[in-house]
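Counting convention: from 1, in listed order, for ligands and their atoms alike.
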Amino acid sequence: MKSELLSESEITSALKGGYWRVSVIDETESTQNLLRTSNPKPGDLITTEYQSQGRGRLGRTFAAQKSTALLFSFYLEPKCAKNDWGFLPLLVGMSVATSLTKITSDAKFKCKWPNDILFNEKKIAGLLVETFDNGVIVGVGINVNTTQEQLPVAHASSIFLETGKLLNRNVLLAEILADLTPLIAQWETGSNISDLIAAYSHLSATLGQNVLVELPGGKELGGIATSIDSSGALLLDSGELVTVGDVVHLTSKL
Ligand code: BTN
């Protein structure tokens, strides 16, 4: 499947100016690692055609064949209390789901707490958020034009496989950033977090579901996922507040 190559000028002109400084790199180990060693400034973003050692959450790998996925990392120094930075991945997930819904005219893109984007309960994108220096590096990997044979794991999927549409990754990246920028500005004011929680809840595939949460270290929690708090933590009907872990959806709202 032939994808348009990433283009700094195409992304930058689609963004129509603003906050982000985008660099396109042909190949790198991991955009997370490259940004970390580039003395990043807030708004710096690196995207690449291929990562030889792409990283996922909780020490996992994230593999994608060359030019099939949209892979990028950016650096931010959120202007709000560090305790609330856990909400940032939810904002990024919202932007990814909203942008994909707009571009494909298909409303089935949903956010799985904490860091996945699903289509029909299949993972098509993941986020990795790491603190660095005075801020955070956010990494996003989206299986865009990936075919069945190119998928790294059988339970994953791609936008192409789910919608039949081949997307231009330059347009998609610009759309995600255009969506994310005002959300971050709104979040940083700290004044209307309940609106953001409501918007996230609307896009959530997890809330309302009977879930199993696998905590780091092996402990498991079960219950109905009821809400999200202002730090991005997941509240279960048992009263447990989960800040990190893997969620398995035991019932599907679909
Ligand atoms: C996950 O699903 O566990 C998170 C995947 C995050 C992958 C992205 S791709 C761009 C950035 N660079 C990396 O090495 N990882 C993130």
Test log, rule side chain to side chain donor-acceptor pair (under 3.5 Å), inputs T181 and W20: CA-CA 9 Å; T181 312; W20 305 96; 2.9 Å; yes
For ligand 1, the residues whose heavy atoms come within less than 4.0 Å (ordered by chain, then number): S30, T31, Q32, Q51, G54, R55, G56, R57, F62, L71, F72, S73, K123, G126, L127, L128, G139, V140, G141
Sidechain-backbone polar pair: N115 side chain, L127 backbone, donor-acceptor under 3.5 Å: yes
Verify the distance criterion only: is there a donor paired with an acceptor across the side chains of [X] and [Y] at less than 3.5 Å?
{"X": "N145", "Y": "R169", "value": "no"}
{"X": "E8", "Y": "N170", "value": "no"}
{"X": "E162", "Y": "S157", "value": "yes"}

Neighbour count >12 (heavy atoms, 6.0 Å) for atom NZ, K79: no
